[in-house]
Each structure stands twice: as C-alpha cells, then as structure tokens.
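The structure presented is a predicted model; accordingly, all values stated were derived computationally and were not measured. Throughout, residue positions are numbered sequentially from 1 according to the sequence presented.
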Amino acid sequence: MNRARAFARREWGPLHRTVRTALTTRTWRAIPLTLTAVCLTALCQLVQNQSWGYAPVQSIGSVRAEDPLWVALLRTPLSLFVPALDLPVWGALAQILLVFGIAEICLGRPRTLVIAYAATLAGTMYARAGVALGPDHPLGLPASDAHVVDTGPSAAVVGLAVYVCVRCAARLTAGLVVVAMVVEVLVKPNLAGREHLAAIAAVLVAMAVAACFQRGPRSGPDPEEPVTGSRSGAPPIRS
C-alpha cells in the first residue's frame, strides 16, 4: 500500500496539485475553453440528430480523405466537435471535459488549442497520405477508407493526454496511453486507431523539436561562469 501511494504521489502528484488548486481557487472559471468545447459538441450532436440538421453539420464539420485538401482544412477545426455517429456522445463529452480540462489548467488555453488542432490535423493528413500509399504499404490504408467520415475529438484527446503527461512528469501514464493506442490498432485495425497513432507521433515530434531548440548550442560563454585568465597569468583584457 505504501509503495502504491508513493508511486501515485510521484506519478500524478504534481498534476493533481495543479488541477486541484486551479479548481479550488477559480472553480469553473479555470476551464472556460473546456466548457465551451463541451457545449459546442453537445450542440452539434443535438443538431445533427435532427432531420433538418444532419446535412448542415456534415457540410461544415465532416472530413473525408476523398475531399479536396482545401475543403478538409476548412472543416478540420469544427470536425473536432462533431461526435461520431456510431459512438455514444457521452464518451466524447467525458473525454473533452476530463482531458481538455486538465490540459487547459496545466498548459493554458492557447497551447491547448494549438496541440488539439495539430493532433487532429495530423490524423486528417495521415488519412489522405495512407490512402495515397495504398494497402500494400506498411503505413498505407485501403481505398475504402477515403469514404470514411472522420470526426470527433479522440485524436485531439489522445495528443493532449500524451503531451500533458510528459510535461507533468507522468511518463509511465504517457507510455500506457501509447501502448493502449497500439493495442487498439492491433485488435481493431481501423482508420480511427491509426489516426490516434498519427496524432501521438505528431505531438512527440513537436516536443522533440522544441526540446532541441531549447537545448541548442550556445554561441558564447556562459555569463555565470568565471572568466579564466590568459596563459601568462595576467588578468583578462576587457573592452
């Protein structure tokens, strides 16, 4: 029991303290973006289930690999909030409320939006590339996937979950998320599962690039390090 508590404190302690403090001090004002996303998703679900609302929602938020690229790029932001018709809407709402809420508190609204959109866009672009590669390629997709409607927040949720876990030092949890997505593809190899892996790959690459820039080579000496003298022992010359 003590080991389990120590592991939980080490793995999720910083994350838990950050979220608890924000919700205690600011309540719902800590997650306005998350609440807006939940309401927008619920509204899209309500409208698309009406006889008059299905076509308008699909025309502005439905993405397929067969669509022209400019149409897909225009629809991708809203497609994140259009729940998949073959899945229960409460699952999408719960994912957004939990993962988007934690990300908004830990990362801030701008970064949460950027990562969510980048993960969703990575999945959308992978679908197009996979169909173009064909089923014979290891990363390819069958031609029938070009007609699959690609909507929902799952790619954004997976990307945000991995990003937040890595940033908050919950690396084992991040690894479990990745393993779960790999198992999903192995058990049920469909377009959605592969898009989840594409979203994770995009987030990890972005984090690696950012880390490389932060650790870039220094062009000059460290100002905090003492300046050494010359070989003759004389004090260094300063201009």
R128 meets the salt bridge (Lys or Arg N to Asp or Glu O under 4.0 Å) criterion, sequence neighbours left out, with none
Residues passing the salt bridge (Lys or Arg N to Asp or Glu O under 4.0 Å) test with D67, sequence neighbours excluded, are R75
Once rounded to the nearest 0.5 Å, what's the spacing between atom [atom1] of [X] and atom [atom2] of [Y]?
{"X": "L121", "Y": "S79", "atom1": "CG", "atom2": "OG", "value": "9.5 Å"}
{"X": "L133", "Y": "L139", "atom1": "CG", "atom2": "CG", "value": "7.0 Å"}
{"X": "D150", "Y": "L80", "atom1": "CG", "atom2": "CG", "value": "10.5 Å"}
{"X": "C168", "Y": "I102", "atom1": "SG", "atom2": "CD1", "value": "9.0 Å"}

Using every non-hydrogen atom in the two residues, find where [X] and [Y] come nearest and quote the distance to one decimal.
{"X": "G61", "Y": "T151", "value": "O-CG2, 3.3 Å"}
{"X": "A119", "Y": "G159", "value": "CB-CA, 4.2 Å"}
{"X": "G123", "Y": "A198", "value": "CA-CB, 4.3 Å"}
{"X": "A127", "Y": "E195", "value": "CB-OE2, 3.5 Å"}
{"X": "A22", "Y": "I105", "value": "CB-CG2, 3.5 Å"}
{"X": "V162", "Y": "A174", "value": "O-CB, 4.3 Å"}

Scan for side chain to side chain donor-acceptor pair (under 3.5 Å) pairs involving [range], sequence neighbours excluded, and state none if there are none.
{"range": "residues 158-171", "answer": "Y163-R167"}
{"range": "residues 134-146", "answer": "none"}
{"range": "residues 26-38", "answer": "T34-E104"}
{"range": "residues 7-18", "answer": "E11-T173, W12-T173"}

With a 4.5 Å heavy-atom cut-off, do [X] and [Y] have their side chains touching?
{"X": "M125", "Y": "T76", "answer": "no"}
{"X": "L40", "Y": "L78", "answer": "yes"}
{"X": "F100", "Y": "L160", "answer": "yes"}
{"X": "P153", "Y": "F81", "answer": "no"}

Do you reckon [X] sits in the same ILVMFWY cluster as [Y], going by side-chain contacts under 4.5 Å, direct or chained?
{"X": "V157", "Y": "L87", "value": "no"}
{"X": "L204", "Y": "V209", "value": "no"}
{"X": "Y117", "Y": "V158", "value": "no"}
{"X": "I96", "Y": "L33", "value": "no"}
{"X": "L43", "Y": "W52", "value": "yes"}

Those residues at least two apart in sequence (or on a different chain) that pass side-chain hydrogen bond (donor to acceptor under 3.5 Å, both in side chains) with S154 are H196
Indicate yes or no for a side-chain donor-acceptor contact from S62 to the backbone of V149 under 3.5 Å, with no hydrogens or angles considered. no
Output all residues satisfying side chain to side chain contact (heavy atoms under 4.5 Å, CB included) with [X], sequence neighbours left out; order by chain, then residue number.
{"X": "A202", "result": "A122"}
{"X": "V179", "result": "V183"}
{"X": "V57", "result": "V47, Q48, V82"}
{"X": "A206", "result": "none"}

Cluster membership besides L141, Ile/Leu/Val/Met/Phe/Trp/Tyr side chains within less than 4.5 angstrom, sorted by chain and number, is Y126, V131, V148, L191
